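Sending over a structure as structure tokens; questions will come in a sec.
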Amino acid sequence: MNTPPYLLMLVLSLFIISCSNESIEEAVSEEIEEQIEEETEEEEEEEEEEIVNSDTPCTFTLEGLEPNSTIKINCIMDLNKSTVTLPANTILEFDGGQIINGTLAFQDSGAGFIDGRLMNSDLILSGDVKLIGAPTATFIFTPAKWKNIVQGQTISDIALSNTKNFENIMLCTRNMGATIFEVDKFDAYFQTTLVTSTTTNQNFYASREAVNVPSDFHLKMSNKTYLRQYPAEDDIENGTILAIREASNVKITGGNLVGDRRVRRYTPDDVGLQGTHLCHIHASKNVTIDGINFIEGSKGGLVIYALGFSFNPDYNPSKNVKVLNCSFENIRRMGIALTDGRDVTIQGNTFLNVGQPMNNSDGGEVGYAINVEAYRTRDSNGNLQENEIARDILITNNTEKNSRVGFVSVHIGQNVTIENNDISTRVVYSLTNGTKVLRNKFNAFSNNEDFAIFAAGKGETVFNNEIAYNEINGYGLGIATNTRDVEIHNNTITNCENGLQITKTTNAIFRNNTVDVNNNGISATSTFANNVSFTDNTITARGFHVKFSLLNKGNDDLNNRVNLDGNVFLNNRKVNFFKSNGINFTNNDVTGGIEIGDVTNIDISSNSKIDPSDSDGIRLFGTHSSVKILDNNILKPTGSTRFDCINNNSNTPNGIRISNNTCATR
């Protein structure tokens with residue numbers, strides 16, 4: 001005879017609490033008491049609303065039943081610590097009663113069925129038994145029926161047993177045919193930071209010590225469900241309340257996961273890594289996290305990662321993960337950390353104050369609402385190894401406000417799309433390819449926001465990135481680049497100090513952007529750039545339209561080129577090239593003048609209009625080499641007779657070629 005795999009799991013009387021409420025309260029720290037004083041009063045009121053409708057003792061027993069019997073339990077049946085053997089296909093229906101204080105042994109010759117509302121910590125089930133409604137039953141968890149789980153304020157040992165017992169109830173009911181585990185009013189602490197292994201391997205694995213949600217299962221919580229992290233020891237750097245480890249087809253919805261950030265302590269040598277998370281997704285497939293409130297995690301909110309490294313035979317990545325409609329509030333370090341995952345969607349979530357200091361807690365390191373950071377190394381031959389892989393990630397329709405550093409950092413990832421989000425801080429990417437920042441609305445949370453988008457990263461893994469159709473408002477700088485192989489187009493930058501800034505940038509295209517800023521429209525200072533083009537942009541600047549200073553002055557930069565072609569500069573400001581090399585300025589429409597000082601390899605040609613008022617059309621000063629001023633349509637300056645269409649005040653006339661320019665009267 002084969003023993004059903006869930007048989008041992010049905011022994012649910014694992015641990016029955018004998019402590020009184022008074023003894024528990026005495027063991028709780030003052031910090032926890034302050035946090036839950038009001039909640040305890042609410043819980044006492046809720047305990048009065050139990051589902052058990054009857055307190056009348058049963059006048060019948062379950063002895064001597066015939067096979068295929070259906071019994072309605074509408075009374076309290078006390079088994080007096082005895083074992084009752086039930087025949088094949090016995091069905092026990094809930095009708096407001098209970099069965100307690102004993103064992104029901106269902107015969108193995110035929111499956112029996114029980115209503116989940118009859119299950120409790122004082123009833124042991126054995127044999128072949130399923131939930132009524134299996135294999136797609138809904139189990140309703142009623143806290144008062146499970147004495148081995150203690151709600152509210154508690155001590156570490158009891159919080160540890162809460163972790164074990166709550167997980168076991170889910171595993172048990174899943175094996176009995178439940179696919180939905182429904183929780184309503186419930187508020188309990190869970191100790192998840194201690195090693196419970198009894199083997200010689202005493203390493204700590206956060207996703208093992210957590211409350212694990214099994215495969216093919218939906219943990220359905222309400223807004224009255226609170227799962228809390230029991231405060232960890234000061235130097236703990238890992239742990240999580242919930243985990244999905246090597247599971248598939250899992251859904252967790254609703255509820256509140258509350259971290260220990262307010263009540264835990266940190267050691268003086270903490271560098272921002274101490275604390276616990278709220279949920280881990282570890283080497284799992286087809287996972288949906290929907291509508292959960294992630295609150296005050298002391299190390300982070302949600303982590304998505306793999307088992308093993310990608311080049312090892314035991315590698316097991318997380319795939320097809322959806323994080324939907326959740327809130328991440330006052331989370332230390334990071335809201336979501338993604339180190340290894342494929343086909344991940346992060347949609348419709350709200351991130352508030354991630355990484356910001358609070359009470360006794362600094363913001364930790366990182367400080368981004370979402371951090372995509374796979375791990376890479378190089379082998380002994382210098383070949384790149386992808387230890388972890390984060391790719392095909394969609395971050396869309398989220399709202400972020402007041403993260404300490406930023407909204408999204410794609411440090412190492414592939415094919416990451418950040419689209420249609422409302423952002424109050426910034427987006428940064430570096431060692432990535434196929435990353436797209438599209439159609440987002442950036443509205444600076446404060447006047448101290450330095451920039452909205454920063455494209456960084458060099459090397460063979462950085463290519464095919466795109467920044468487009470974003471609306472940026474209120475920053476010190478709209479878009480900055482220090483990268484290669486990026487296309488930046490159709491963005492609107494308004495009410496910022498500066499618009500577009502390039503630093504150490506190669507193979508980049510800026511086209512069809514609209515910039516209206518208080519200082520410089522396009523700028524580059526003390527840097528290099530090569531094969532960079534600015535085409536068909538519309539610039540309104542109250543500093544300089546373009547400000548290039550000390551650009552391409554290194555010995556390795558002599559052949560570099562930056563092209564500005566077909567742009568429209570709307571207001572009466574200047575284009576300024578100073579001590580720079582390798583610039584083509586062609587086919588532009590300029591309201592204002594152009595200043596050129598101490599430059600080499602500069603081509604100012606075929607500009608359709610240069611329209612100055614309080615300046616020269618083109619002014620040259622200092623020392624020049626290989627400068628061309630050709631075929632430009634210049635309007636005679638207004639405002640003073642001292643201004644000319646072309647004012648050549650250079651001390652190297654042989655370094656400048658001036659030909660076929662017009663100087664038209666208005």
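Sequential numbering from 1 along the given sequence is applied to the chain's residues. Every value quoted in this text rests on a predicted model; they were computed, and no experiment measured them.
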Open item on the list: To check you understand the geometry: which heavy-atom pair defines the closest contact between Phe407 and Thr425, and what is its length?
Closed with: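 That closest heavy-atom pairing would be N-OG1, 3.1 Å.
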Open item on the list: Tell me if a side-chain donor or acceptor on Asn513 pairs with a main-chain N or O of Ile488 at a distance below 3.5 Å.
Closed with: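 The answer is yes, because a donor-acceptor pair under 3.5 Å joins these two groups.
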TODO: Verify, without hydrogens or angle tests, whether Arg484 (side chain) and Gly459 (backbone) share a donor-acceptor contact under 3.5 angstrom.
DONE: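 Yes.
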Task: Closest heavy-atom pair and its distance - Leu242, Val213 - done: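 Closest heavy-atom pair between Leu242 and Val213: CD2-CG2, 4.4 Å.
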Open item on the list: Treating Ser284 as the side-chain partner and His282 as the backbone partner, does any N or O pair qualify as donor plus acceptor under 3.5 Å?
Closed with: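 Flag set: sc Ser284 to bb His282 pair under 3.5 Å.
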- [ ] Determine yes or no for a side-chain-to-main-chain donor-acceptor pair under 3.5 angstrom, with Asn433 supplying the side chain and Asn464 the backbone.
- [x]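 No; judged by distance alone, with no hydrogens or angles, the pair does not exist.
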Task: Exceeds 12 heavy-atom contacts within 6.0 angstrom, atom CG of Asp379 - done: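 Check passes, neighbour count above 12.
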Task: Heavy-atom neighbours of Asp556 CG exceed 12 at 6.0 Å - done: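 No.
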- [ ] Please examine the side chains of Ile412 and Tyr375, heavy atoms only from C-beta on, and report whether any two atoms are closer than 4.5 Å.
- [x]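 Side-chain contact under 4.5 Å: no.
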Open item on the list: Working to the nearest 0.5 angstrom, can you tell me the gap between Leu307 CG and Ser207 OG?
Closed with: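 It is 8.0 Å, given to the nearest 0.5 Å.
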Task: The single option from Asn552, Thr506, Asn531 passing side chain to side chain donor-acceptor pair (under 3.5 Å) against Asn560 - done: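 Among Asn552, Thr506, Asn531, the one that satisfies the side chain to side chain donor-acceptor pair (under 3.5 Å) with Asn560 is Asn552.
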Task: Glu365 side chain reached by Val271 side chain, heavy atoms, under 4.5 Å - done: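 No. Closest side-chain heavy atoms not under 4.5 Å.
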Open item on the list: Main chain of Tyr305, side chain of Ser318: is a donor-acceptor contact present, judged purely on distance under 3.5 Å?
Closed with: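 It does hold such a pair.
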- [ ] Report yes or no: does Glu209 contribute a side-chain atom to a donor-acceptor pair with the main-chain N or O of Phe204 at less than 3.5 Å?
- [x]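 Flag not set: sc Glu209 to bb Phe204 has no pair under 3.5 Å.
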Open item on the list: Could you tell me if the side chain of Ile395 sits less than 4.5 Å from the side chain of Ile370, heavy atoms only?
Closed with: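 Yes, close enough: below the 4.5 Å cut-off.
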TODO: Applying side-chain contact (heavy atoms from CB on, under 4.5 Å) between Ile244 and each of Ile304, Val250, Val321, report the one that passes.
DONE: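 With Ile244 as partner, Ile304, Val250, Val321 yield a single side-chain contact (heavy atoms from CB on, under 4.5 Å), made by Val250.
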TODO: Taking atom types as modelled, find out whether Thr396 and Asn420 have a side-chain donor-acceptor pair closer than 3.5 angstrom.
DONE: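 Side-chain D/A pair, Thr396 to Asn420: absent.
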- [ ] Could you check Asn293, Ile331, Val258 and say which one makes a side-chain contact (heavy atoms from CB on, under 4.5 Å) with Leu278?
- [x]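 Option passing the side-chain contact (heavy atoms from CB on, under 4.5 Å) with Leu278: Ile331.
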Open item on the list: Is any side-chain heavy atom of Ile502 closer than 4.5 Å to one of Phe534?
Closed with: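 Contact flag for Phe534/Ile502 side chains = yes.
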- [ ] Return the minimal non-hydrogen interatomic distance between Gln229 and Ile241, and the atom names on each side.
- [x]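 Of all heavy-atom pairs spanning Gln229 and Ile241, the closest is N-CD1, 3.4 Å.
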Task: Interatomic spacing from CZ in Phe328 to CG in Leu352 - rounded to 0.5 Å - done: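 Here the rounded value is 12.5 Å.
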Open item on the list: Nearest 0.5 Å, please: how far is CZ in Phe548 from OG1 in Thr527?
Closed with: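 Rounded to the nearest 0.5 Å, the OG1-CZ separation comes to 10.5 Å.
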- [ ] Just do the side-chain contact (heavy atoms from CB on, under 4.5 Å) check on Ile467 and Glu487 with the steps written out, would you?
- [x] CA-CA 6 Å; Ile467 299 169; Glu487 185 172 0; over 6 Å; no
TODO: Quickly, which of Val323, Leu257, Val303 forms a side-chain contact (heavy atoms from CB on, under 4.5 Å) with Cys279? Name it, please.
DONE: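 When Val323, Leu257, Val303 are each tested with Cys279, the side-chain contact (heavy atoms from CB on, under 4.5 Å) holds only for Leu257.
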- [ ] Could you tell me whether the side chain of Arg261 and the main chain of Glu296 form a donor-acceptor pair under 3.5 Å?
- [x]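 No, because the side chain of Arg261 does not come within donor-acceptor range (under 3.5 Å) of the backbone of Glu296.
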Task: Sidechain N-carboxylate O distance under 4.0 Å for Lys436, Glu419 - done: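 No, Lys436 and Glu419 are not salt-bridged.
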Open item on the list: Is it the case that the side chain of Asp362 and the backbone of Pro357 share a donor-acceptor pair, with hydrogens and angles ignored and the cut-off at 3.5 Å?
Closed with: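 Such a contact is absent between Asp362 side chain and Pro357 backbone.
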- [ ] Check whether any side-chain N or O of Asn349 sits under 3.5 Å from a backbone N or O of Gln347 as a donor-acceptor pair, and report yes or no.
- [x]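 Judged by distance alone, yes, a pair lies under 3.5 Å.
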- [ ] Using the ring of Tyr266 (Phe, Tyr or Trp, six-membered ring only), decide whether Arg332 places NZ or CZ under 6.0 Å from its centre and within 45 degrees of its axis.
- [x]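 Satisfied, under 6.0 Å and within 45°.
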Task: Interatomic spacing from CE in Met334 to OG in Ser403 - rounded to 0.5 Å - done: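 It is 12.0 Å, given to the nearest 0.5 Å.
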Task: Enclosure of Asn381 CG (heavy-atom neighbours >12, cutoff 6.0 Å) - done: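 Atom CG in Asn381 is crowded, with more than 12 foreign heavy atoms closer than 6.0 Å.
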Open item on the list: For a 4.5 angstrom cut-off between non-hydrogen side-chain atoms, does Lys322 reach Asp290?
Closed with: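 Sidechains of Asp290 and Lys322: no contact.
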Open item on the list: A side-chain contact here means heavy atoms from C-beta on lying under 4.5 Å apart; do Phe311 and Asn387 qualify?
Closed with: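 The answer is yes, as the side chains (C-beta and beyond) meet within the 4.5 Å cut-off.
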Open item on the list: The test is side-chain contact (heavy atoms from CB on, under 4.5 Å); show your working for Asn238 and His277 and say whether it passes.
Closed with: CA-CA 7 Å; Asn238 213 340; His277 293 104; 4.1 Å; yes
Task: Within 6.0 angstrom of Glu233 CD, more than 12 heavy atoms from elsewhere - done: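 Result for CD/Glu233: open.
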- [ ] Identify whether the distance between the nearest side-chain nitrogen and carboxylate oxygen of Arg333 and Glu237 falls below 4.0 Å.
- [x]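 No, no charged N to carboxylate O under 4.0 Å.
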TODO: Report the C-alpha distance between Asn601 and Arg561 in whole Å, list the side-chain angles of each, state the deciding distance to 0.1 Å, and finish with yes or no for side-chain contact (heavy atoms from CB on, under 4.5 Å).
DONE: CA-CA 9 Å; Asn601 298 315; Arg561 303 303 293 184; 3.4 Å; yes
- [ ] Locate the shortest heavy-atom distance separating Asp598 from Phe578; write the atom from each residue and the value.
- [x]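 Minimum heavy-atom contact is OD2-CE1, 3.8 Å.
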TODO: Applying side-chain hydrogen bond (donor to acceptor under 3.5 Å, both in side chains), run through Glu373 and Ser409 and close with a yes or a no.
DONE: CA-CA 8 Å; Glu373 187 172 3; Ser409 171; over 6 Å; no
TODO: Mind checking the CG-OG1 spacing from Leu431 to Thr461? Nearest 0.5 Å is all I need.
DONE: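 Output value for this atom pair is 5.0 Å.
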- [ ] Verify whether one side chain among Asn415 and Asp392 offers a donor that lies under 3.5 Å from an acceptor in the other.
- [x]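 Per modelled atom types, Asn415 and Asp392 side chains form a pair under 3.5 Å.
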Task: Aromatic contact, His411 with Tyr429 (centres under 6.0 Å) - done: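 No, too far apart.
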Open item on the list: I'd like to know if the side chain of Ser156 pairs up with that of Gln191 as donor and acceptor (distance under 3.5 Å, no hydrogens or angles considered).
Closed with: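 There is such a pair between these side chains.
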Open item on the list: In the structure I gave you, are the side-chain heavy atoms of Ile281 and Ile289 within less than 4.5 Å of one another anywhere?
Closed with: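 In contact.
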Task: Donor-acceptor pair between Asn286 and Lys251 side chains, under 3.5 angstrom - done: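 No.
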Task: Close side-chain approach of Leu384 to Arg376, heavy-atom, < 4.5 Å - done: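 Counting from C-beta outward, Leu384 and Arg376 do come under 4.5 Å.
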- [ ] Start with the C-alpha gap between Met170 and Val211, add the side-chain angles, then the distance that decides, and say whether side-chain contact (heavy atoms from CB on, under 4.5 Å) holds.
- [x] CA-CA 9 Å; Met170 284 195 286; Val211 176; 3.5 Å; yes
- [ ] For residues Asp340 and Ala306, report the shortest heavy-atom separation together with the two atoms involved.
- [x]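 Between these two residues, the closest heavy atoms are CG-CB, 3.4 Å.
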Open item on the list: Within this structure, what is the CZ-CZ distance for the pair Phe190 and Arg228, rounded to the nearest 0.5 Å?
Closed with: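 Reported to 0.5 Å precision, the distance equals 11.0 Å.
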TODO: Could you check Asp216, Thr288, Asn320 and say which one makes a side chain to side chain donor-acceptor pair (under 3.5 Å) with Asn249?
DONE: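 Single pass found, and it is Asp216.
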Task: With Asn567, the side chain to side chain donor-acceptor pair (under 3.5 Å) member among Asn588, Thr586, Asp536, Thr535 - done: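 Single pass found, and it is Asn588.
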Open item on the list: Any side-chain to backbone donor/acceptor pair from Thr276 onto Ser298? Under 3.5 Å, distance only.
Closed with: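 Side chain of Thr276 to backbone of Ser298: no pair is present.
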Open item on the list: Checking side-chain contact (heavy atoms from CB on, under 4.5 Å) between Ile423 and each of Glu400, Glu471, Lys401, Lys441, which is the one that passes?
Closed with: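 For Ile423, the side-chain contact (heavy atoms from CB on, under 4.5 Å) test succeeds with only one of Glu400, Glu471, Lys401, Lys441, which is Glu400.
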Task: Considering all heavy atoms, the nearest Leu227-Met221 contact - done: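 For Leu227 versus Met221, the nearest heavy atoms are CD1-SD, 3.9 Å.
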